[in-house]
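Here is the structure we will look at.
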Amino acid sequence: MGRAEERRARQRGGRRAVPPTRSSGTPSEGIAPGEGIAPGGRAAARKAAARGKKGAKKGKSGIRRLFTWKKILGAFLGFCLLGIGAFIVMYMMIDVPKGNAAAQKQSNIYEYSDGSVMARVGDTNREIVDLAEVPKPVQRTFVAAENKSFYTDSGVDLKGTARGLLNTLSGKGKQGGSTITQQYVKNFYLDQDQTVSRKLRELVISLKVDRTTSKDDILAGYINTSYYGRGAYGIQAAAQDYYRVDAKKLSVAQGAYLAALLQAPSQYDWAVASKTGKELVTARWNYVLDNMVEQGWLDKAERDDMTFPVPKPPKAAPGLEGQKGYLVKLANQQLEKQLVKTQGITQDEAEARVENSGWTITLNIDKKKQVQLEKSVKTQLISKLDPKKRSVDKNVQAGAVSVDPKTGKIVALYGGQDYTKHFISNANRTDYQPASTFKPVILAAALEDASETQGGKAIGANTIYDGTSKRQVVDSNGDKVGFAPENEDDHNYGKQVTVQTAMNQSINSVFAQMGVDVGMDKVLETATKLGMDTGKLRPLPAYTLGTMGASPIQMAAVYATLDNHGKQVTPTIIKSAEQGGIETRMPDPIGEQVISREAADTVTSVLTGVVADGTAKVSVAENPARDGRKVAGKTGTSDDNLSAWFNGFTPDLVTSVALFGEDAKTGAQTKMYKTAGLPRVNGGGFPAQIWAAYTFGVAGKNTKFDLDTDQGAAVQPSWTPSPTLSRSETPSSTPTTEKPSETPSETPSETPSETPSDTPSQSPPTGEQSTPVEITTSPANPFDPNADQ
């Protein structure tokens, strides 16, 4: 046997000696180790394995057969074809309707709470002008603002429309994306409803209108039907209302403002816009002009030379003279807010839907109380002003709001001397400081949070604080925070005064320290709960002096919530709002319990001391018309005498009265010193006098405060409070425990009067003015109330 044959023999023998596989048995299964696999066994095993795999594939293929990429693609294409078919059917069935924008406009009726008609507003302010009368550059401002591709697109934005449909289906409301053509169709042919059917009709009609109507005619229709605010429809009415010129005389800068205005007419109206609103409309004005430069419609050098064209003050509509315009305006604002919230529409759409649209709006205004409030302002303030004799007298503005604390109804409102002469409502403006009327909020926060002084004593009506003027406020570590407010007239009340006395005399140094003891974040949180709009205010000690902005309506909400035992009150002027037989449901003015009853009632009890023995004593407590009524309240006078307040309440009526210094020509804030010949206007003066004349003329006589508290002036203590330490300017490691030389009394030996008599006083009263903030030198100081605001 040759070597090759031997090698092959060994290989054959080796293969026969391979250990058996599991399929062919093991030694334990009775197969001898030397035994080989039965002939054909290996091949049979491979075939069986293949059959098993093929069976497994058959099992999986049942699902895969249902979801093959071919079938998925086919289903998608089928769905697209179905959608295209449905759209073709819609396109064939939906015709372009007759324009109905003007026909939809009809009078709104405003009624008093008893159903009697107060005002009927409804002549649509619109004048159609040919596009040729509008300068070409002004026309292009609207294209630059809303739809840069207007001259080349098909009239619709499919992506934006799809997004709008999804938002509508998901309840998110509108989210932009409409072309000028679509907006024109919505304004002139359809309505503002946010429904899928309306959006689909808008899409079809826009395509048809774009196919059959020239771009110029579409643009003319758009600028002639859009709502610009102030009751103005169309560019001609807007040009007259905002710039007192015809549309043909508008400049590019003015046209850019009107184009920017369409995004949010009410928010962007310069006459009433907030600081944020003015910043937003200025930014959009710049955006419009920059787009014009980008499109080659405006020379860059000319654009760079342009300045913002501040519009003229508004002209009030006939029939809205006196207080009517203020009442109608607030009702419209509250209804618009509700429509935005419940129907997912934008602010400008809500305004267009409310303005001259056949609403019957019944107000909560009580005719008797309204008349009495107007009379009180006239007799207690206006009759004592003589603008010819004193120029400052023409710069004094009054605002007031009266609320039923049990229902949240605004029963009377004073917005200014005449809506046709002063468009801004003083009852709803937020650009003046509430000053010391904010102090009760600090106490409410302390009581609600069970806060303690830095000496570890619970803060309450009888807690002792340092009343030294310009006393440095210190934090929990005893470190100065760079804030040392001056009491009014730099008056020192001593190192041992109760919180009750501090509230009575409006001692700034006490409440500045209390705010830091409580934590200004908690103070602002409580302010929000009570009804103030604290927005993005940072928790700065300076706000203890009420240096933020607030309106009489907001402050009425705060005090009404206190009067309502801590249950939130949101003042509302609307009793009902109905359009076409369908009533729009308004939110409940009475909300949840936002602070405990004990905390609210304790603050109310303390505030009775301000009236009985504090800065409102003469005007309110000693008023002959009081007739035993129970009263609580707080005065406030801002730095530089820019504003003065009295927020007061009986058990059944809350009223906030404020006076504002406003330059009659420029509208800028101005000082009220020497008004009516007096040294200054204090909260215990004209505001408290107006409040008393009104309240004692309409409020119930036999009601009493039902207070759940054992603190405050309304609850006479049977014991003498022991002093509670507060840190001195230089903290001592060993606190002193000796009693003050004079036991603190809720009736201080020196009670400053701040109520001017008919004969002007020569020495100004003390006790309640919010004063300038003393800040450490760094311009980025975190306690600067104006930083990053």
Side-chain angles (χ1 to χ4, degrees), residues 405 408 434 436-465 473 475-476 498-500 502-503 506-507 510-535 537-541 543-546 548 550 554-570 590-610 632-634 636 647 649 651 654 705-715 721 724 726:
S436 291
T437 63
F438 185 72
K439 287 182 169 74
V441 177
I442 303 172
L443 179 57
L447 295 166
E448 180 68 10
D449 193 58
S451 299
E452 297 180 346
T453 66
Q454 292 171 22
K457 302 294 184 180
I459 298 175
N462 298 301
T463 305
I464 303 299
Y465 269 97
V473 176
D475 62 20
S476 58
T498 64
V499 169
Q500 178 68 69
M503 188 72 79
S506 209
I507 303 175
V510 170
F511 285 93
Q513 183 62 57
M514 187 188 299
V516 172
D517 291 347
V518 176
M520 285 306 297
D521 54 340
K522 295 175 183 175
V523 171
L524 293 179
E525 181 182 349
T526 300
T528 302
K529 290 179 180 178
L530 291 174
M532 292 183 69
D533 181 7
T534 58
L537 295 180
R538 295 164 58 196
L540 307 178
Y543 289 127
T544 56
L545 305 186
M548 70 289 287
Q554 288 184 19
M555 299 314 294
V558 170
Y559 283 72
T561 301
L562 295 173
D563 199 4
N564 199 31
H565 309 296
K567 205 168 186 180
Q568 190 178 54
V569 177
T570 304
I590 305 300
E592 60 184 12
Q593 195 82 27
V594 290
I595 64 171
S596 68
R597 173 166 184 162
E598 183 178 1
D601 288 358
T602 298
V603 176
T604 296
S605 179
V606 169
L607 292 180
T608 63
V610 178
K634 184 71 187 76
N647 299 328
F649 54 100
V654 176
F705 288 116
D706 178 20
L707 302 179
D708 181 13
T709 183
D710 57 3
Q711 300 185 57
V715 181
T724 300
S726 64

*Between Asp517 and Gln454, does any side-chain donor sit less than 3.5 Å from a side-chain acceptor?*
yes

Over all atoms of both residues, closest heavy-atom pair of [X] and [Y]:
| X | Y | result |
| --- | --- | --- |
| Leu524 | Pro539 | CD1-CA, 3.8 Å |
| Ala458 | Thr463 | O-OG1, 2.9 Å |
| Pro440 | Val603 | CB-CG1, 3.9 Å |
| Gly633 | Val610 | O-CB, 3.2 Å |
| Phe438 | Gly546 | CB-CA, 3.8 Å |
| Asp563 | Pro651 | OD2-O, 3.6 Å |

_Pair Thr498, Ile464 - check side chain to side chain contact (heavy atoms under 4.5 Å, CB included), show working._
CA-CA 5 Å; Thr498 64; Ile464 303 299; 3.7 Å; yes

Distance in Å, [X] [atom1] paired with [Y] [atom2], rounded so as to fall on 0.5 Å steps:
| X | Y | atom1 | atom2 | result |
| --- | --- | --- | --- | --- |
| Phe511 | Leu545 | CZ | CG | 11.0 Å |
| Asp521 | Leu537 | CG | CG | 13.0 Å |
| Lys634 | Leu443 | NZ | CG | 11.5 Å |
| Asn462 | Lys457 | CG | NZ | 13.0 Å |
| Asp475 | Gln513 | CG | CD | 9.0 Å |
| Thr534 | Gln554 | OG1 | CD | 9.0 Å |

Heavy-atom side-chain proximity of [X] to [Y] below 4.5 angstrom:
| X | Y | value |
| --- | --- | --- |
| Thr604 | Phe649 | yes |
| Leu607 | Met503 | yes |
| Asp708 | His565 | no |
| Val518 | Ile459 | yes |
| Leu562 | Ile595 | yes |
| Ile590 | Val569 | yes |
| Met548 | Pro434 | yes |
| Lys529 | Glu448 | no |

Can any side-chain N or O of [X] pair as donor or acceptor with the backbone N or O of [Y] at less than 3.5 Å?
| X | Y | answer |
| --- | --- | --- |
| Gln711 | Ala461 | yes |
| Gln500 | Gly712 | no |
| Ser506 | Gly636 | no |
| Thr608 | Ala714 | yes |
| Ser605 | Asp601 | no |

*What residues form a side-chain contact (heavy atoms from CB on, under 4.5 Å) with Gln593, not counting sequence neighbours?*
Lys567, Arg597

*asked:* Walk me through whether Val558 and Met532 qualify under side chain to side chain contact (heavy atoms under 4.5 Å, CB included).
replied: CA-CA 7 Å; Val558 170; Met532 292 183 69; 3.5 Å; yes

*Name all residues meeting the side-chain hydrogen bond (donor to acceptor under 3.5 Å, both in side chains) criterion together with Ser451; count only those two or more places apart in sequence or in a different chain, and write none if there are none.*
Asp449

*asked:* Between Glu598 and Leu447, does the side chain to side chain contact (heavy atoms under 4.5 Å, CB included) criterion hold? Intermediate values first, please.
replied: CA-CA 8 Å; Glu598 183 178 1; Leu447 295 166; over 6 Å; no

